[in-house]
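Whatever order the structure lists them in is the order used to number ligands and atoms, beginning at 1. The shown structure was predicted, so the numbers you read here are calculated from the model rather than taken from an experiment. Throughout, numbering of the chain's residues begins at 1 and tracks the sequence.
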Amino acid sequence: MPDDTPLYRPTADTQSGHDTTDRYTKRGVGGETHQQAEEAVSLTTAQGAPISDNQNTLRAGARGPALMEDFAMREKIFHFDHERIPERVVHARGYGAHGYFEVTDALAEITSAHLFQKAGTRVPAFVRFSTVAGNKGSADLARDVRGFAVKLYTEEGNWDIVGNNIPVFFIQDPIKFPDLIHSVKDEPDRGFPQAQSAHDNFWDFISLMPESMHMVMWQMSDRTIPRSFRFMEGFGVHSFRFINAEGKSTFVKFHWKPRQGLQSVLWDEAVKINGADPDYHRRDLWKAIETGDYPEWDLAVQLFDDDFADSFDFDILDPTKIIPEEEVPLRVVGRLVLNRNVDNFFAETEQVAFCTQNIVPGVDFTNDPLLQGRNFSYLDTQLKRLGGPNFTHIPINAPRCPMHHFQQDGHMQMHGPKGRANYEPNSWAKGGPRADATRGHRSFPEPIEGSKRKLRPESFADHYSQARQFYISQTSVEQAHLADALVFELSKVEAIAIRERVVAHLPNIDQDLARKVADGLGMQSMPPAHAPAMAPKTELPPSDALSIIRKGPGSFRGRVLGVVMTDRIEDTLLDALIAATEEAGGKVVLIAPAVGGITTIAGRHIAAYEKIDGAPSVLFDAVAILADDAGAAELGGMHPARCFAADALAHGKFIALSAEAVSLLNAPGREPTAQGIHILSGPQDAPAFLEACGALRCWERLGG
Ligand code: HDD
């Protein structure tokens, strides 16, 4: 029977030739429009069959049922239904980029690693930064440790340095890792809080684990609210070994030092950034790379021998301890440059599989128990997450050097080995690869003796000395932030006994810190100090290397100036600010009451990057407000503009104002004559303002 229902056939407007340029590149911040027009190609199924209609499911009659025979629709929905893979159990939220690692100082006498034989050797690298506790969709500015995982694609296999932005860890034994992570993640009965340690379960666990106290000091410092991935250090944490051609072992610790300098945000900024731009860190890295401002890190090593290890105050196998830079100096041996964003987030950043046991000849493990446990865990987790043993076939995980082995089959096998030999030894003419005693990885033949027991060595028993050393190494501003962070976190803990148990550890670190936290919590009396397993040493000297502020960059390079502008502003002033910022190696983001932009006094139209509501001052390293009297009045009538100014002031930002914009700071509690505020009388004042911005924050205004 003819089906005479009138047909309306919706079609997609995908090929109509609209010029949909990228919001970001459109604005000329840099880079080229990367969505070049592609030659039209036919849409096909995954099996390659061309598809005639991508808008309508096959139907029996115009208003009849859908037919399961529509293989194109079924394949599309089937694939969609299976798009998600399990997120990482920790470090689920992360962001990656490609680059390279270049050796700047050969280490041939220390390690036989091919990579380090001569200066100038370059290998491709992929780095993934992450938070630890939050789920994949959590906000970037959670107070949390940051993962700093580096994969080096060397000529002798992939070498993964799976580190953090903190050089120590919470626990000494891997058997406690599931407990640590369970405690910090959302509580199982209620499913919250997400991505934060400020809750009972975490602090309950911590209060019962004195070995975590050193890490807790780092965690409560501004290290866990970095301004950007670009401004963080990275650490391999454990002691590893380098082995040279003669088989001699040297202990080594790895440090990544950002050439951009260190920088963190204030807690109040972190809270607000999470609302204004939950993708702040990933956007920052993506933008920097997209605009050619490639972040770089030096790789520095601390090298030491058995004699130092034996004489060191602590056990070099204990991952809750650092070796102060003053005791074993850093030697810079290479640089890491990130210069290419991923093409596809899932294929690369999500599927990348880091494994601590990925090392190369010339590098070896130590008996750090945490490292030994990690070597099991990472391989195991990839099986679950990536679905089978062939995850090394995924391009981001595949070595860039030749590999030959007899492994075969399994889910998603991508290799097609040829020939008959799939075992070794064999006697076939083309018998395949053989172990190579000369080039192959050799473990350091460390003599091992002792009885098989579950124990924790005595040399791991000092839990407070380095916690104290960290605390006394901070500037007074940083010490105050650390105490405030403890007060904040413990104020979210409901069980008073847990609060008290945490505070009871603090006198073993520093009496003053303990008092500040107890007062901040409004405790009636100080709980008795926890009895330490080993008396803390109070004589460890402060180390400048442990402070962020003492390692500031002293330059505005790589930083961002937010400029609020209104109609009728002076062209020369705006141009001078932009020029001075670029001269200093920074970038400008233009903000206006409407995103369409403003018209200058000379009649020039200038497009804005942001509407003021979407660009609070917490997103910028320094700010400027350019307005004439009418513009200042317009801004004064806008709540977001008033908050912009008030926050910039409260957060110690360097602020530049046109003379007329001063009125925006003229309110009770706002002091336009305070330090760090530059009133620009003309374009000639712009360079001095940018020079001042190199200090990044006017600590004096914050009482520092
Ligand atoms: Fe871990 C992921 C760093 C202890 C078990 N870890 C993971 C990542 C980083 C670290 C950066 C994310 C890698 C990526 O971006 O994909 N982990 C550390 C550091 C530790 C540490 C610096 C202490 C020094 N981890 C640790 C222990 C265990 C694990 C003790 C288990 C016994 N870590 C894992 C894991 C993860 C992981 C479950 C989750 C996803 C993955 O491995 O690939 O296996």
Residue V89 vicinity, atoms of ligand 1 by number, heavy atom under 4.0 Å: 38 (C)

L370 heavy atoms, cut-off 4.0 Å: which ligand 1 atoms fall inside? 23 (C), 24 (C), 30 (C)

Less than 4.0 Å between a side-chain N and a carboxylate O, is that true for R501 and D204? yes

Which protein non-hydrogen atom lies closest to atom 35 (C) of ligand 1, naming both residue and atom, and how far is it? S377 OG, 4.0 Å

Greater than 12 external heavy atoms within 6.0 Å of H411's NE2: no

Would one find an N or O of S130, backbone or side chain, under 3.5 Å from an N or O of ligand 1? no

Among protein heavy atoms, which lies nearest atom 13 (C) of ligand 1, and at what distance? F354 CD1, 3.9 Å

Just checking H463 against H214, ring centres under 6.0 Å apart? no

With atoms numbered from 1 as shown, which atoms in ligand 1 lie under 4.0 angstrom from a non-hydrogen atom of H91? 2 (C), 3 (C), 6 (N), 7 (C), 8 (C), 9 (C), 10 (C), 11 (C), 12 (C)

Is the gap between the ring centers of Y95 and F129 under 6.0 Å? no

Shortest protein heavy-atom distance from atom 26 (C) of ligand 1, along with the residue and atom involved: F177 CE1, 3.4 Å

Checking a contact table here: which protein heavy atom is nearest atom 3 (C) of ligand 1, and how many Å away? R374 NH2, 3.2 Å

Looking at H238, which atoms of ligand 1 are within less than 4.0 Å of one of its heavy atoms? 24 (C)

F148 vs W297, test: ring-ring contact (aromatic ring centres under 6.0 Å, His included). Steps then yes/no. CA-CA 12 Å; F148 194 124; W297 286 260; 5.6 Å; yes

D298 and its salt bridge (Lys or Arg N to Asp or Glu O under 4.0 Å) partner, picked from R335, R259, K257: R259

Kindly indicate whether the side chain of D277, heavy atoms from C-beta on, has any atom under 4.5 Å from the side chain of L141. no

Where is the nearest protein heavy atom to atom 11 (C) of ligand 1: which residue, which atom, and how far? G163 O, 3.2 Å

Taking 4.0 angstrom as the limit and counting only heavy atoms of G147, give me the atoms of ligand 1 inside it, by number and element. 11 (C)

Among protein heavy atoms, which lies nearest atom 15 (O) of ligand 1, and at what distance? R128 NH1, 2.6 Å

Donor on one side chain, acceptor on other, E478 and S221, under 3.5 Å: no

Salt bridge present between D284 and R227 (N-O < 4.0 angstrom): yes

So for ligand 1, is N164 a polar contact partner (N or O within less than 3.5 Å, distance only)? no

Geometric N/O contact T381 with ligand 1, under 3.5 angstrom: no

Do F254 and F242 make the cut of ring centroids closer than 6.0 angstrom? yes

Do F365 and R241 have side chains that approach each other closer than 4.5 Å (heavy atoms only, starting at C-beta)? no

For atom 43 (O) of ligand 1, grab the closest protein heavy atom and report residue, atom and distance to one decimal in Å. Q382 NE2, 2.9 Å

Any N/O/S atom of Y378 sitting less than 2.8 Å from atom 1 (Fe) of ligand 1, backbone or side chain? yes

Suppose we measure from atom 40 (C) of ligand 1 to each protein heavy atom; which comes out shortest, and what is that distance? R88 CG, 3.5 Å

